[in-house]
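Here the structure comes first, spelled out in structure tokens, and everything after it is commentary.
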Amino acid sequence: MDELIYGHNTEKNIVAVQQIDESRVKLYFREGNLVREEIRNFYPFFFISDKSYLEGFRKNFWLKKLKGNNFYQYVCAFNDLTDMWNAVRVILRNYSARHMVKVETYADAEIIYLRPDPVHQFLLQTGITLFKGMEFNDIYRIQLDIETYTRHRFSNPERIEDRIVLIALSDNRGWKHIIDGRRKNEKQMLSELVEIIQKKDPDVIEGHNILNFDLPYLIKRAELNEVELSLGRDKSKPKVATITYDKETVFTGIEIYGRHIIDTLILVQLYDFVKRELESYSLKYVSRYFGISSANRIFIPGERVSWYWENEPETLIKYAIQDAEETRKLSELLTPPYFYLTQMLPFSFWQVIKSGSSSKIESMLVRAYLRQRHSLPKPDVGFQTTGGYTDIFYTGIFENVVHADIESLYPSIMINFKVAPKKDELGVFLKMLEGLTKMRIEAKHKMKTAETPKEKAKYDAIQSSFKILINSFYGYLGYSRAIFNDYESADKVTSIGQDILKHLIAEIKKRGGKVIEADTDGIYFLPPEEYSTEVKSPDFVKQVSSILPEGINLVYNGFYKKMLSYKKKNYALLDKDGNIEIKGASLISRGMEPFARKYIAQCIRYLLNGEIEKIHELYKSLFKAISERKIDIFELAKTETLREKPERYIEMVKLGRRNKSAGYELAISRGKNYRPGDKITYYITGSTPDVKSFENCKLVEEWNPFRRDENVAYYLSKLNEYSRRFEIFFKPDDFKKIFSLNDGINFDNVEIITRKLKEEIS
DNA sequence: TAATTAAACCA
DNA sequence: TGGTTTAA
């Protein structure tokens, strides 16, 4: 089993692979603090651009689609050069004269490529991955942070008078260093950096936003200063990686030969993609969030850096060192799962971070197939039709609510009901899933029994690296571009999941419980009277779990003092410590105006605490603040992400295929050259509530506090609209009273209404 | 270089 | 209805 997952990983401690010439590569092994080099041969291979050439090779060679210059290519690898040239001959013989001519004519250019990216291909072919057999603490990481000087608001690497004034470095062995711009000119600073990197020879270079700021800046300044920025293990310069698409060149990253670049900003984004808790991705905010801020943290906003350099350089130095150290701690927190994944996947550290879940799974499947020299299938065309089961049976407020969910529902179904892609002739898909699951359980066990925090952290990283893979198997089945995709199997997984959940709901009802809401693999319910305590409810969960099929387990997931049930996928929970958790797009969403988000959250708090009069007071005060124009404009302003390119947006609107949108209209009309991904914050102007927002909007920066022009009627009607979220919890008369401007109302008799929306399945 | 469906809300 | 954001 290990073999399937670890592939050909027989080499230990390899930290880098590098091409020497056409048929040899240099391997770098880390041994303690030293790096040993060794030269090896590698397998020849070629790319072809048209898969029809591969028909004659089914089950003879391994094939993998890869992206070359704007189009997908297929790779064939061979034991030796003779084998490879034989294959070329077969291709030439098997296809028509036209094709033959074409192949020959373009042999060096378009159709057949020889070794365009040996390092990557070497890893892919042999399955030798970096850092094999190493622990995260074994690798040598350097953190880098630069500070730049400018007379303008923002520093620009191309402006000759701007310059790098500080380079702060730290490493994971407690070393710290400052390259000080007071003693050295920029040229000397850059040379010192090169010297240090060559001498220290780090495996990894880390930084927060290093890919979009520090490294590009260093590269540009090195160019201007005519310094060879030889940071690579082969003393080469950093390579700016781009892809050309529609004649447009897009920056995709920076590569330093033989080293890994880790940008902690990307890791933070990845983290928040799941968690959705962060307000900002800045190093300072994130460090505080994770509780890893340096003691006496200095904060210097970007536009103040130059001032500090001129007036208080020592403070700036401390600040830069703190940045480097926080980057190290952040990386220690976020990268280990990916580090351990590089030992399982034929990808480098950075590729593992950047690649999506399907390529992770597929790379393992492809590796297993190519080891057996078995051909690979093509993706099926079609789509998955079934998903998870979601239902809501009651709305209102409930006490003593239990949350239980089925442990790893989809992976468990795949394993226990043997659901696998029909194209997987070698049957490796399930074996891998089972193996990974087993290994994750072992890692979890080692984590629990670990004796030191360090050990614990290590096994936690390992088990979460398994989790990342395990969770990707189901999604892979329904993915249109996956070569082993199988929509029927994907549907089978979800329909079995639906049946299990429905069965569970019926069982809880049968045993005297009351199910409030269910979604995919979890349920919120009121247990029968005799189990309605935090201590006893897990017993009930256990009993119910026993009726589920073999290998499918319902686990207790929490006991809540109160639950507010609003709609499918929308609810709030109050735990015994008074913490409130709000879930659902209609109750908590980044698309809402900040005042609305806070208003809804407050109303929910008051509702759960039974403080009806406070809702009334809040409504009144907010109404007043808006009508008297006393509310902060940022509370009213919406923030929109512009994801489409301006040309595309304009085109779609012109064709009537898309509605106009305030964010885009503003960005375009203000002549801002926005890039997809940019955010825009705007508010609504005018005087009636039903204005078209894309015709009546202004950037929040354009707002004038002395001539306030926000649309009061519009925002008041918004307030009422948001209040209506709470309509279902009250009798109509009570609702009117609460959300009114009247004074002196008595709320003693207000009842919170519970509604039964439908009968539980039985 | 790209995992899935379900559901709510907005313009 | 298409776009966006969320839950799982």
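Protein chains get the first letters and strands the later ones, always in sequence-line order, with residue 1 at the start of each.
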Let me have the donor-acceptor pairs involving side chains of residues 466-474 of chain A, under 3.5 Å, with sequence neighbours excluded, atom names and distances please.
| residue | atom | partner | partner atom | Å |
| --- | --- | --- | --- | --- |
| A:Ser472 | OG | A:Ile468 | O | 2.8 |
| A:Tyr474 | OH | A:Gln384 | NE2 | 2.9 |

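- Per the geometry, CD1 belonging to A:Ile684 stands 13 Å off P belonging to B:dC10, to the nearest Å.
- One can place CG of A:Leu270 at 14 Å from C1' of B:dA2, the figure rounded to the nearest angstrom.
- Taking atom P on both nucleotides, C:dA8 is separated from B:dA2 by 27 Å, rounded to a whole Å.
- Summarising the geometry, the separation between CZ on A:Arg725 and P on B:dA8 is reported as 12 Å, rounded to the nearest angstrom.
- Qualifying side chain to side chain donor-acceptor pair (under 3.5 Å) partners for A:Ser565, counting only residues two or more places apart in sequence or in other chains: none.
- Of the charged side-chain nitrogens involved, none lies within less than 4.0 Å of a carboxylate oxygen, so that A:Lys583 and A:Asp519 do not count as a salt-bridged pair.
- No engagement by A:Ser472 is indicated, since no non-hydrogen atom pair under 4.0 Å with the nucleic acid exists.
- In plain terms, the two heavy atoms of A:Phe429 and A:Asp424 that are nearest each other are N-OD2, 2.8 Å.
- If you take OH of A:Tyr476 and P of B:dT5, they are 16 Å apart, rounded to a whole angstrom.
- For CZ of A:Phe251, the number of neighbouring non-hydrogen atoms (other residues, nucleotides, ligands) closer than 6.0 Å is greater than 12.
- Counting any heavy atom pair closer than 4.0 Å across all strands shown, A:Tyr714 reaches sugar-phosphate atoms only and no base atom.
- Non-hydrogen atoms lying under 4.0 Å from DNA chain B are contributed by nothing in residues 488-497 of chain A.
- When the C1' atom of B:dT5 is taken as reference, atom CG of A:Leu409 falls 14 Å away, rounded to whole Å.
- What separates NZ of A:Lys692 from C1' of B:dA11 is a distance of 10 Å, to the nearest Å.
- Within a heavy-atom distance below 4.0 Å of DNA chain B, the residues of residues 380-398 of chain A found are A:Gln384, A:Thr385, A:Thr386, A:Gly387, A:Gly388, A:Thr390.
- Ring orientation note: the planes of A:Tyr664 and A:Tyr649 are close to parallel, at an angle under 30° on the 30°/60° scale.
- Applying the salt bridge (charged side-chain N to carboxylate O under 4.0 Å, His left out) test to A:Lys654 and every residue at least two apart in sequence or in another chain returns nothing.
- A cation-pi contact, defined as under 6.0 Å to the ring centre and within 45° of the axis, links A:Lys502 to A:Tyr389.
- When heavy atoms are screened at a 4.0 angstrom cut-off, A:Ser359 is found touching the sugar-phosphate backbone but no base atom.
- Picking from B:dA3, B:dA11, B:dA8 the nucleotide with the shortest atom distance to the side chain of A:Tyr479 gives B:dA3.
- Neither OP1 nor OP2 of B:dC10 sits under 4.0 Å from any side-chain N or O of A:Lys718.
- A:Ser355 comes within contact range of the sugar-phosphate backbone alone, with a heavy-atom separation under 4.0 Å but no base atom that close.
- No engagement by A:Tyr487 is indicated, since no non-hydrogen atom pair under 4.0 Å with the nucleic acid exists.
- As a whole-Å value, the separation of A:Ile413 CD1 from B:dT4 P is 18 Å.
- If you take CD of A:Gln498 and P of B:dT5, they are 13 Å apart, rounded to a whole angstrom.
- Residues A:Ile483 and A:Tyr476 meet the side-chain proximity criterion, which asks for heavy atoms closer than 4.5 Å.
- Annotation: side chain of A:Leu501 is not in contact with side chain of A:Leu409 (no heavy-atom distance under 4.5 Å).
- The aromatic ring centres of A:Tyr524 and A:Tyr571 sit less than 6.0 Å apart.
- Looking at heavy atoms from C-beta onward, A:Met432 lies in side-chain contact with A:Leu365 at the 4.5 angstrom threshold.
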Determine, for nucleotides 2-8 of chain C in 5'-to-3' order, which nucleotides have protein heavy atoms under 4.0 Å from the base (write B), from only the sugar-phosphate (write S), or from neither (write -).
SSSBSBS
